[in-house]
Structure formats: C-alpha cells, structure tokens
Amino acid sequence: MKADVLSMFPEEIAELVIALGQPKYRGKQIFEALYKGARGFDDMTSLPKSFREKLGEAAFVPTADIKRKLVSAIDGTVKYLYSLHDGETVESVFMRYKHGNTMCISTQVGCRMGCAFCASTKAGLVRSLAPSEMLLQVMEAERDLGERVSNIVLMGMGEPLDNYDNVIKFLRLVNHENGLNIGLRHISLSTCGLVEKIDRLSEEGLPVTLSVSLHAPNDEIRRQTMPIANKYSIKELLAACKRFTDKTGRRISFEYALISGVNDSKAHADELGRLLSGMLCHVNLIPVNPIKEKNFQRSEKNAIKVFTETVETYKISTTVRRKLGSDINASCGQLRAEDSKK
Ligand code: SAH
C-alpha cells in the first residue's frame, strides 16, 4: 500500500525520503509544499523529476473533490459534499462568524452511534476518515473560497472519539506551525460521550474545547434517543467530564437538542440545572433539526425561552445555537443521504 503523505508529519516524510535515498530536508520541503497547494508530486517542482517519479511509486497525495456545493442565500454559509479517493462522500460546512470563519468537518463516513435524531447514522458506519481526509475538508474550502479558516468544529458526520488515533493525529497536523497552523484553542471536538476516550483525551495535552452531546437531564430520557446511554450513565459521563476539566482547566460545552415534548419542559430544565450546577461548563441549546426519518419537532419559542432562563438560574451560562444555512439543510448528514439515494 502506498503511503498517504498528507497524513504524515515532516519527520515521518523524512524517514520515507531517506529510505528512497534522498536527504532528510526533503521531508520538510514536501510537507510545506502540501500546504502551499500541491495536489500531487508533479506540482512539487522544487523536487528533482526522477525523485518525484520514485516518490509516486511509494506514496500518494490524497485528494477530495467538490461533488456538490450549496451556498445559503440568507447568510453565505457554504455546504460541501466531497468525494474521496474511493468514491465515498462526506459533508462539511463553512460558516462566517464575527470571530472568524469556522469549518464544521466530518470524522467518519456515516456513524455507528445510532442517535435517533441524527441523519448521519441512519445507514451505519461505512469507514473512518484518515487525518488527510479531515485536513482536505478545510484545505479545499479555503482554496475554493479564497478565504482562511480560523476555527474548526468536529461536529459533522461521525463520532470523533470512535476514530481516536486519526482524529488526534489530525489535531496535531492542523496545528503544525508549517502546516495550517490553526490554534487548538480554536478547535472544538464534539462527542456523544465515550467515557474511556474522554479520559485518554484528557492526557493528550491538547487544549481543544470538548463538547459533550448530553441531550437529556436523566438516563431514562437519554436512553430514548441515544444508544450510548445504555453503555455509560450520565453519572459516569459527568465524572469523566470533571476529570477533563480538572486536568486541562478547560470548560466543557454541553450540547442539548431541544425536542418538543421529549426533553424541553421547565422540570427538565430544573433537572439539568441541578445536574450541572457547580461544573465548569456551558450549555449550548439546539432546537432540534427535524429529519425525514423521525418525527421529532423543534420546541416552541416560548418553551426555549423558559428552558434557557431556568437553566441560567443555576448560574450556568447558556446559548441558543444560531441557525445558519437553514435554506441549504446545513446540518448532519442530510446532503450525503440525499445524494446516495440517487
Ligand atoms: N458524534 C458527535 C459529533 C457529531 S454531531 C456527537 O455526538 O457529539 C454534532 C452535534 O449535532 C451533536 O451534539 C449531535 O447530537 C447534534 N445533532 C445531530 N443531529 C441533530 C439534529 N437533527 N438536530 C439537532 N442536533 C443534532
């Protein structure tokens, strides 16, 4: 199998070139060429032609092609469907915020977590993405739009902690000073709550923001929509979150999709407030985005207001997620699902 150079650090590329009889400094040279826009070894004209040919026999530069692109007429949000080397497709969303351009990227093709409200998981997991395939989602959008991305959220398709090693490598690569050089503090990783992996992440020394998809104030309600709740109780999950904040000093962001009649009453808000009271955290409320497969409805405006105000009485900061790209279905696996039906 050929080596995927875009998933490698300069030192790893150096080992490869040394094995091919070239000097070590070519490792850094190739690494930098990748981030300057080379889409293949032939674009790296500073390398001798004979070496480029040899390199092409041992390694490859993966690519992602834009298969579909939707631009919101409302707020300029751009949604991409990328086609990968094996024809699989993933979705990413580019959003313009005051604090900078944010890219929401996928970490897997499909997902095996099975959350009832989520479109990405309906057909299960196809495969995990390589670090290069996560980088390409950012790089190709930057190239297409001629704009830089300053923030990344791992909130597209897939469960990042179910693709642990590749996601960690992606984080270190995207942060590399000779690469995209995006600050880890500008990156959020969202998980449905894989407890052992949260503990591993706490030890990596990566100051990313951890978002935890909670979506319920107790185990009984959580089990109705999230199969992972059968494996870990909220108590175990919050204990891991506490260890993460103790270790990293970083505030956790809890995601809570408000689903009408399921988890959005004032009593639920009180229960959530009591649960999280005293934790170093923030609650991000997301009016659920109804998907075709399931009849979940968004909460009423007033219910959202009462819910927010109630949680805040427990001295917990909350935000209600602003909906970008509502005219282009800019969330969670819907474009890929639509595309694969064709
Ligand atoms: N697997 C990760 C990240 C992917 S989804 C996780 O579970 O966190 C990013 C966020 O969108 C998660 O909080 C997820 O629960 C939420 N989400 C998925 N489908 C949704 C929908 N239809 N409406 C609102 N939020 C949704």
Side-chain angles (χ1 to χ4, degrees), residues 79 90-93 95 102-125 128-129 134 137 152-164 166-167 170 187-195 197-198 201 208-216 221-229 231-232 234 237 240-241 244 252-260 262-264 272 281-299 304 307 318-326 329-338:
K79 180 158 191 167
V90 286
E91 289 180 33
S92 329
V93 186
M95 295 163 284
T102 299
M103 196 79 202
C104 175
I105 65 163
S106 296
T107 55
Q108 295 180 314
V109 180
C111 182
R112 58 184 182 132
M113 295 299 130
C115 299
F117 42 77
C118 180
S120 302
T121 194
K122 292 300 154 207
L125 175 68
S128 282
L129 297 184
M134 297 178 230
Q137 295 173 58
I152 297 175
V153 296
L154 276 60
M155 293 192 182
M157 297 166 40
E159 167 51 50
L161 298 185
D162 188 39
N163 183 16
Y164 190 86
N166 286 346
V167 164
F170 161 75
I187 302 180
S188 289
L189 185 156
S190 182
T191 177
C192 66
L194 305 184
V195 168
K197 300 289 172 57
I198 292 175
L201 184 65
V208 294
T209 297
L210 183 64
S211 289
V212 173
S213 301
L214 192 57
H215 301 325
I221 297 179
R222 198 163 190 258
R223 280 189 218 112
Q224 289 171 18
T225 54
M226 301 182 73
I228 195 70
K231 187 158 182 204
Y232 305 108
I234 289 181
L237 176 57
C241 292
F244 181 88
I252 300 227
S253 175
F254 289 103
E255 309 286 305
Y256 194 104
L258 288 163
I259 312 174
S260 183
V262 175
N263 64 0
D264 68 338
L272 182 67
C281 72
H282 174 85
V283 172
N284 192 13
L285 298 164
I286 320 163
V288 79
N289 192 19
I291 58 169
K292 277 190 210 88
E293 296 80 355
K294 207 85 187 189
N295 194 24
F296 287 131
Q297 298 303 323
R298 333 178 59 138
S299 304
I304 299 174
F307 198 97
T318 65
T319 40
V320 178
R321 184 176 293 176
R322 192 157 67 95
K323 201 163 158 39
L324 291 178
S326 53
N329 252 345
S331 53
C332 287
Q334 302 185 51
L335 189 61
R336 174 172 173 269
E338 194 187 298

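Whatever order the structure lists them in is the order used to number ligands and atoms, beginning at 1.
- Using a distance-only test at 3.5 Å, with no hydrogens or angles considered, a donor-acceptor pair links the side chain of Asn263 to the main chain of His215.
- In this structure a side-chain-to-backbone donor-acceptor pair under 3.5 Å is missing from Asp264 to Ser299.
- Residue contact check: Glu255 has heavy atoms under 4.0 Å from atoms 13 (O) of ligand 1.
- Between Arg321 and ligand 1, no pair of N/O atoms sits closer than 3.5 Å.
- Listed by number with element, the atoms of ligand 1 under 4.0 Å from a non-hydrogen atom of Cys192 are 6 (C), 7 (O), 8 (O).
- The neighbour count for Arg223 CZ, taken as heavy atoms of other residues, nucleotides or ligands under 6.0 Å away, is above 12.
- Residue contacts with ligand 1 include His215, since one of its heavy atoms falls under 4.0 Å from the ligand.
- For Gly156, the closest heavy-atom approach to ligand 1 falls below 4.0 Å.
- In terms of N/O distances under 3.5 Å, ligand 1 is not approached by Pro290.
- Of the listed options Met113, Arg298, Met155, Met155 places a heavy atom closest to atom 9 (C) of ligand 1.
- With hydrogens and angles disregarded, no donor-acceptor distance shorter than 3.5 Å links the side chain of Arg298 to the backbone of Pro290.
- Looking at Thr225, its side chain never comes within 3.5 Å of a backbone N or O of Ala116 through a donor-acceptor pair.
- Interface atoms of ligand 1 facing Asn289, defined by a heavy-atom separation under 4.0 Å, are 21 (C), 22 (N), 23 (N), 24 (C).
- Judged by distance alone, with hydrogens and angles left aside, the side-chain atoms of Asn163 form a donor-acceptor pair with the main-chain N or O of Leu129 at under 3.5 Å.
- Applying the 4.0 Å criterion to heavy atoms of Gly158 picks out, from ligand 1, the atoms 1 (N), 2 (C), 3 (C), 4 (C).
- Listed by number with element, the atoms of ligand 1 under 4.0 angstrom from any heavy atom of Cys118 are 18 (C), 19 (N).
- Under 3.5 Å, the side chains of Glu159 and Thr191 contain a donor-acceptor pair of N or O atoms.
- Contacts of Thr191 with ligand 1, taken as heavy-atom pairs under 4.0 Å, involve the backbone alone.
- In terms of modelled atom types and a separation under 3.5 Å, the side chain of Ser106 and the main chain of Gly156 share no donor-acceptor contact.
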